[in-house]
Amino acid sequence: MEVRPITFEVIKRQPGSLARAGVIHTPHGDIETPAFVAVGTRGTVKSLKPEDLERHVGLQLIISNTYHLFLQPGHEVVQAAGGIHRFANWRFPTMTDSGGFQVFSLGAAFGKGVTKFAKGDVEVQSSYQGLNVYSQALASEHGKLCIVDEDGVTFTSHIDGSMHRFTAERSIEIQHAIGADIIVAFDECTSPTADYAYQREAMERTHRWAKRSILAHKQNYDAQRRQGLYGVVQGGRYPDLRTESARTLAAMDFDGFGIGGSFSKADLGAALQVVNENLPEDKPRHLLGIGEPEDISEGVRLGCDTFDCVAPTRLARTGTIYVQTNDGPKKISLKGERYKYDLSPLDETQVCEISKTTTKAYLSHLFRSHEMLAAHLASIHNLHFIVSYTKRLRESILSRDSQ
RNA sequence: UCCCCUGUAGCUCAGCGGUAGAGCAGCUCGCUGUUAACGAGUUGGCCGUAGGUUCGAAUCCUACCGGGGGAG
């Protein structure tokens with residue numbers, strides 16, 4: 001009998017919605033879902049020690065990046081250390097993103113202020129040609145080279161400008177060396193402004209890469225025993241493409257699925273609905289790079305199990321914290337003058353001792369004086385906030401009377 | 001007592017004949033698979049004071065006041 005490193009158990013479904021509570025079993029422990037995943041791109045959740053994540057945040061899963069660890073310090077170093085768990089001294093489950101997102105964030109989107117989310121009405125560029133055409137102008141425009149072709153991606157390092165190439169096989173090979181419990185198939189993330197034709201082209205290419213990622217994974221028997229592989233659903237903002245992508249990937253032998261690509265705030269829900277209706281119920285679904293509390297709430301309702309997002313830690317480092325109000329979660333910028341004398345705790349409704357014992361005035365002072373402790377305390381607070389927010393969504397599913 | 005240097009935005013300074021700029025601070029806003037302890041925008045000044053030269057002075061001249069240094 002085949003033993004899979006990653007298995008998923010649905011504990012309870014919420015009637016009338018796609019929401020479910022479950023458990024992902026991994027070689028490094030269980031993940032109770034829905035769960036928020038901390039982002040540790042370079043083998044560190046910025047400003048936090050492993051101990052902080054365990055003791056204050058209650059973290060269950062952390063995601064690192066293949067592209068970043070490949071460039072620095074090099075996946076061979078991580079491998080020599082015995083894998084990411086030993087290298088970073090993380091005892092909990094981990095996953096690595098494939099590096100496919102960098103095709104987008106350092107390529108098409110670089111320096112253009114384009115993010116995963118389109119602002120307001122999306123203006124589709126019918127002239128959008130994607131990145132599959134070699135263009136010197138494109139390279140100089142970005143100051144970086146990032147070219148997608150059928151076989152893979154050629155790009156220059158954002159650190160030293162050196163040239164590299166990723167293919168599906170290469171990404172999987174590097175992720176094997178890094179050794180996270182969950183690894184992700186190499187994919188291409190498109191811009192929200194890309195037109196239908198390009199979205200389809202990129203999606204179909206991602207499907208072909210998905211197939212190759214599975215093959216590459218199966219060829220490493222040792223890794224296959226220890227690491228599970230997720231495929232990534234694409235299709236941009238088009239429901240028919242999303243449906244097609246979900247069905248295509250569902251037919252492949254993945255241990256779980258990532259839902260990637262670009263959205264506009266308005267059609268995130270519609271996309272998740274059709275995707276999760278078409279993904280198998282007995283596999284975990286990870287919503288890549290999202291989100292804010294309201295996005296997670298919607299994602300859970302529509303059947304997503306895990307979420308990663310840089311928002312809690314990035315906001316924390318730049319002076320913004322989440323607080324619970326009667327109207328739900330809210331963000332406040334502590335750098336403002338109005339918190340100078342505010343001696344109330346960051347958020348007394350939280351279980352986290354940092355949140356309860358640190359005052360807004362003190363943290364505001366730390367931010368204004370550029371003390372590094374500011375980033376540390378705020379990161380603990382925000383991560384704890386979003387982790388426990390997601391945990392409460394889980395408890396809410398479990399406590400519903402039904403079935 | 002004399003000589004030299006210096007006084008421009010809250011701070012540190014640039015501008016040295018055509019009616020003021022920068023960095024930092026301040027304030028506001030933004031961050032959604034991290035090129036991010038970041039980025040964007042923005043409020044502040046009768047240029048020490050009083051005269052003079054000039055079509056025009058923060059810029060040149062004189063005096064005074066404040067600060068720094070040197071000589072005695």
Side-chain angles (χ1 to χ4, degrees), chain A residues 36-48 61-69 71-72 95-107 109-111 113-119 142-144 146 155-161 171 180 182-190 192 230 232-234 257-265 268 286-296 298-299 304 306-320 322 331-333 335-340 363 366-379 382 386:
Chain A
F36 184 83
V37 182
V39 177
T41 304
R42 302 206 266 190
T44 165
V45 177
K46 295 184 192 297
S47 88
L48 301 185
L61 178 62
I62 191 164
I63 183 168
S64 296
N65 194 278
T66 303
Y67 166 91
H68 294 267
L69 290 174
L71 289 178
Q72 199 174 48
M95 63 190 289
T96 41
D97 189 13
S98 68
F101 184 69
Q102 273 58 43
V103 174
F104 169 70
S105 67
L106 299 181
F110 187 80
V114 178
T115 66
K116 277 180 77 73
F117 272 120
K119 303 263 193 298
H142 296 148
K144 299 282 183 289
C146 189
F155 59 92
T156 50
S157 159
H158 70 277
I159 299 168
D160 62 8
S171 173
I182 298 167
I183 63 177
V184 175
F186 194 57
D187 70 315
E188 179 184 345
C189 181
T190 51
Y230 280 20
V232 181
V233 176
Q234 289 292 349
F257 300 89
I259 301 168
S262 50
F263 304 95
S264 73
K265 205 83 173 170
L268 173 68
H286 178 88
L287 184 52
L288 286 156
I290 287 171
E292 292 289 349
E294 66 268 24
D295 301 323
I296 292 176
E298 185 171 28
C304 297
T306 52
F307 306 81
D308 77 274
C309 189
V310 301
T313 44
R314 183 184 290 170
L315 289 172
R317 266 175 288 121
T318 57
T320 299
Y322 289 113
K331 288 184 279 194
I332 60 173
S333 175
K335 286 193 269 195
E337 167 100 61
R338 55 187 168 279
Y339 295 106
K340 195 166 180 179
L363 192 48
L366 293 180
F367 273 117
R368 288 154 170 270
S369 47
H370 300 284
E371 283 292 341
M372 61 178 93
L373 186 60
H376 181 250
L377 295 178
S379 293
N382 274 1
I386 202 78

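Labels below follow one simple rule: chain letters A, B, ... track the order of the sequence lines, proteins then strands, and each chain is numbered from 1.
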Checking only heavy atoms, does the side chain of [X] share a donor-acceptor pair with the base of [N] at less than 3.5 Å?
X: T320(A); N: rC31(B); value: yes
X: R317(A); N: rU34(B); value: yes
X: K335(A); N: rU28(B); value: no
X: T318(A); N: rC31(B); value: yes

Distance-only, no hydrogens or angles: does the [X] side chain make a donor-acceptor pair with backbone N or O of [Y] under 3.5 Å?
X: K335(A); Y: T318(A); answer: yes
X: N65(A); Y: T41(A); answer: no
X: T313(A); Y: V310(A); answer: yes
X: N382(A); Y: Y322(A); answer: yes

Which part of the nucleic acid does [X] contact within heavy-atom distance under 4.0 Å: base, sugar-phosphate only, or nothing?
X: D295(A); value: base
X: E337(A); value: sugar-phosphate
X: H376(A); value: nothing
X: Q234(A); value: base

Considering only [options], which nucleotide approaches the side chain of [X] most closely?
X: V310(A); options: rU32(B), rC27(B), rC31(B); value: rU32(B)
X: D187(A); options: rG33(B), rC31(B), rC29(B); value: rG33(B)
X: K46(A); options: rA37(B), rU32(B), rG33(B); value: rA37(B)
X: R338(A); options: rA36(B), rU32(B), rU28(B); value: rU28(B)

side-chain N/O [X] vs [N] OP1/OP2, d < 4.0 Å:
X: N65(A); N: rU34(B); result: yes
X: H370(A); N: rC24(B); result: no
X: R314(A); N: rG30(B); result: no
X: R368(A); N: rA37(B); result: no

Checklist line | Base-paired stems in RNA chain B, each at least three Watson-Crick or G-U pairs under 3.5 Å | finding: B:1-7 with B:65-71, B:10-13 with B:21-24, B:26-30 with B:38-42, B:48-52 with B:60-64

Check: Looking at the angle O4'-C1'-N9-C4 for a purine or O4'-C1'-N1-C2 for a pyrimidine, is rG44(B) syn or anti, with syn meaning within 90° of 0?
Finding: syn

Next item on the list: Would you check if I290(A) and C309(A) make a side-chain contact, meaning some heavy-atom pair closer than 4.5 Å?
Entry: no

